[in-house]
Number of protein chains: 4
Amino acid sequence: MNKTKEAIYKASVDVFSQSGYTGAAMDEIAERANVAKGTLYYHFKSKEDLFLFVMQTGLGHMIDDAKKVIGKPLAPMDKITELCKSQLRVVRKNENFVKVILSQLFGQEERQRLLRGKLNEYAQLIRECIGELGVEKHTEKETSAAVFGFLGTMVSAAVYSAMTGTQKKDISGLLIQNYLHGIL
Amino acid sequence: MNKTKEAIYKASVDVFSQSGYTGAAMDEIAERANVAKGTLYYHFKSKEDLFLFVMQTGLGHMIDDAKKVIGKPLAPMDKITELCKSQLRVVRKNENFVKVILSQLFGQEERQRLLRGKLNEYAQLIRECIGELGVEKHTEKETSAAVFGFLGTMVSAAVYSAMTGTQKKDISGLLIQNYLHGIL
Amino acid sequence: MNKTKEAIYKASVDVFSQSGYTGAAMDEIAERANVAKGTLYYHFKSKEDLFLFVMQTGLGHMIDDAKKVIGKPLAPMDKITELCKSQLRVVRKNENFVKVILSQLFGQEERQRLLRGKLNEYAQLIRECIGELGVEKHTEKETSAAVFGFLGTMVSAAVYSAMTGTQKKDISGLLIQNYLHGIL
Amino acid sequence: MNKTKEAIYKASVDVFSQSGYTGAAMDEIAERANVAKGTLYYHFKSKEDLFLFVMQTGLGHMIDDAKKVIGKPLAPMDKITELCKSQLRVVRKNENFVKVILSQLFGQEERQRLLRGKLNEYAQLIRECIGELGVEKHTEKETSAAVFGFLGTMVSAAVYSAMTGTQKKDISGLLIQNYLHGIL
DNA sequence: AATGAATGAGTCTTCATTCAT
DNA sequence: AATGAATGAAGACTCATTCAT
């Protein structure tokens, strides 16, 4: 990614997360990236193309991080804990990116279908990690519940940050605690 | 709510959930509600006004349901379990509504701020219910984590349904289980 | 065709004939028709749609005129002469329309293919009239040559008017004369 | 004309004939000529400049051919017949070029005025040749009609080829026949 | 209470042109 | 002699909103 593309990427994440896909204006992305509008179209075929690039890149970061943790020689339970921590850290660093995902997860537009497809790759990774916890203990349904609970935990963090604003305290440690051991 | 308004409400939920706020066209809402475009503006001042009405109404349903459960004379632990079940049932019945919330939760537009405000009222209700579990055991931060974990669980259900499509199995029981007792 | 649509039609013929299809700006059509840009799109799905409407309507006028002549109880030779005269009169009254046709006759765009298709219906009409002159005398090829010569005569009139400007003398009588009896 | 310019010329004729002047993209001309976009501007000041070069060159070919025939020591009637044949041959070989002329003949843009100017030089040549047929027999108006009939015959050939497509039979002989002796 | 024709601001996108290399 | 990244003006099209009926 060269300098111009990088600038466009960063501006895109910001604008998409603030305004969603439809609400985002290419004009504003260009302005925030400090390039002319035409430059966006020199590097990306269309708004949708740019959006998909943003998704691919952002999810790529999360997947890379997850793979790094999964590759570590840890006991399954330690590994899932570590994965939680690590991914929540990434989420906090890329808060805006998570917002984009959430705001575009539903619907039948091509871009939304593609996004779900990519997110599924990510979910698959988590599934494997959770699966290691002990095949005899988890049915397929139980694993699914654990995976989507995991995603839900990531979302909780994003929702928390959106709803409590800047003066928020970090509760990610407690979210992990609850995810692993329950609130009771 | 008379017949026309009802039709507009239902059409709005569908269209907003499919296309988000900005992507939704008043034209399409009118068409799906089988009324002329002008009729929308006879009943609602603006698109934003309509959106806020939809939010108020939809969240109203969830709050009503929650209050009903909270009003029951149950032990705190049983009550929170019952609340989970009941709310997940509502979520499943109003899947589209939850999608609208999620897609419009972030951003600095007036409607988004108002939505977060309303959602906060809902969160407050959950917070009280969780607080009953035993004040001595929960710090403010812990309660927050439990509340947002609760919201995250609702989201998990919606995300699950979005990503697995029609042939999905119901995992809400397991989601509750995990929320209350953890995945480990 | 109501008042608004009529105004748009007239403005369209003018602008399309002056600037061609691609060169014509919807903005300018709107301005000349004294309506807002949005109004164009209320009445026509797209620029292409508007263009096709213009073609259909314009060729319709010529076809109607031709049919009127063809319906007359005249000797074949008199009829073809009458047809020449009558059609040239229409061409002169709708000079701009003929320019649009010529400027859009070639190319592989959908609109251009459709235009050629419609023009073929017109050519077919001429072909029948020429065919009446005496089947035994004309081979298929000869009829074709006569038909396209006819079209060429119409075009000659338009080209003449474009190239000699306003102070032109009317030469349509001579064009007919030449078409029927040759220049020699 | 060196190799690069030659390639640009050929690509230009193709693209201009397929898309008209406004519809033609410098990008596509560059691509078809296998040069970078910047190269076009190294050889030509602007799109209009390139267009005018194409017109000048193409009409130059037709004028050269016409002059060759006119220079021959033939009887006026034979000469005009020969001219018809020869020019129709050129038209068939440069079909695309004729399409560009026709699609750009009308309108008030500078390039269109210039094109008509150049075409007038060509028409003048034809006029002289026709004039030789016998001044006593032709009034100025009659000569004009014969000249524009000649142009119309060329156009007929192009229109015929556009409308009947690839499986067309050659009717140029008949077109000449009709032009000289009429269809009756 | 309801309609739908009309509007114009705002959006995505294209493309001729420039310029540093 | 040639390139291609970058530009910004201009164009097609959308859509919330208004208003006369």
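Numbered from 1 within each chain, the chains take letters A, B, ... in sequence-line order.
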Search all heavy atoms of D:Ala11 against all heavy atoms of D:Ile29 and return the closest pair with its distance. CB-O, 3.6 Å

Quickly work out the C:Lys5 NZ to E:dA6 C1' distance and round it to whole Å. 15 Å

Contacts of D:Asp27 that satisfy salt bridge (charged side-chain N to carboxylate O under 4.0 Å, His left out) - sequence neighbours left out: D:Lys37

Roughly how many Å is it from OH in C:Tyr21 to P in F:dG11, rounded to a whole number? 14 Å

Could you check how far CE of A:Met26 sits from C1' of F:dC13, rounded to whole Å? 16 Å

Applying salt bridge (charged side-chain N to carboxylate O under 4.0 Å, His left out) to C:Glu28 and not counting sequence neighbours gives C:Arg32

Does anything in residues 49-58 of chain C pair up under side chain to side chain donor-acceptor pair (under 3.5 Å), and if so which pairs, sequence neighbours excluded? C:Gln56-C:Lys118

Comparing A:Thr4 and B:Ala25 on DNA chain F - which has the more 5′ nearest nucleotide: A:Thr4

Just jot down the salt bridge (charged side-chain N to carboxylate O under 4.0 Å, His left out) partners of A:Glu48, sequence neighbours excluded, or say none. none

Quick one: stems for DNA chain F, with Watson-Crick or G-U pairs under 3.5 Å, at least three in a row? E:2-21 with F:2-21

Using a 4.0 Å heavy-atom cut-off, does A:Ala24 contact any base of the nucleic acid, only the sugar-phosphate backbone, or nothing at all? sugar-phosphate

Distance, rounded to the nearest Å, where D:Glu48 contributes CD and E:dA16 contributes C1': 12 Å

How would you list, by chain and number, every residue that makes a side chain to side chain contact (heavy atoms under 4.5 Å, CB included) with A:Asn120, sequence neighbours excluded? A:Ala123, B:Met163

Rounded to whole Å, please give me the gap between CG in D:Asn2 and C1' in F:dA1. 10 Å

Atom CD of D:Glu28 and atom P of E:dT14: how far apart are they, to the nearest Å? 14 Å

When you measure from every atom of DNA chain E, which of residues 32-43 of chain D have a heavy atom less than 4.0 Å away? D:Lys37, D:Tyr41

Restricting to pairs with a member in residues 26-50 of chain B, which pass ring-ring contact (aromatic ring centres under 6.0 Å, His included), not counting sequence neighbours? B:Phe44-B:Phe53

Within residues 12-20 of chain D, those residues having any heavy atom closer than 4.0 Å to DNA chain E are none

If I take atom CG in residue B:Asp27 and atom C1' in nucleotide E:dA6, what distance separates them, rounded to the nearest angstrom? 13 Å

How close or far is atom P of F:dT18 from atom NZ of B:Lys45, stated in whole angstroms? 10 Å

Show the atom names and distances, to 0.1 Å, of all donor-acceptor pairs under 3.5 Å that link a side chain in residues 99-112 of chain B to residues at least two apart or in another chain.
unit_1, atom_1, unit_2, atom_2, d
B:Ser103, OG, B:Lys99, O, 3.3
B:Ser103, OG, B:Val100, O, 3.1
B:Gln104, OE1, B:Arg111, NE, 3.0
B:Gln104, OE1, B:Arg111, NH2, 3.1
B:Gln108, OE1, B:Arg113, NH1, 3.1
B:Gln112, OE1, B:Gln108, N, 3.2
B:Gln112, OE1, B:Glu109, N, 3.0
B:Gln112, NE2, B:Phe106, O, 2.7

Are there more than 12 heavy atoms of other residues, nucleotides or ligands under 6.0 Å from atom CD of C:Glu6? yes

Which residues pass the ring pair (Phe, Tyr, Trp, His ring centres under 6.0 Å) test with B:Tyr21, sequence neighbours left out? B:Phe16, B:Phe51

Applying salt bridge (charged side-chain N to carboxylate O under 4.0 Å, His left out), can you list everything that pairs with B:Glu95, at least two apart in sequence or on another chain? B:Lys168

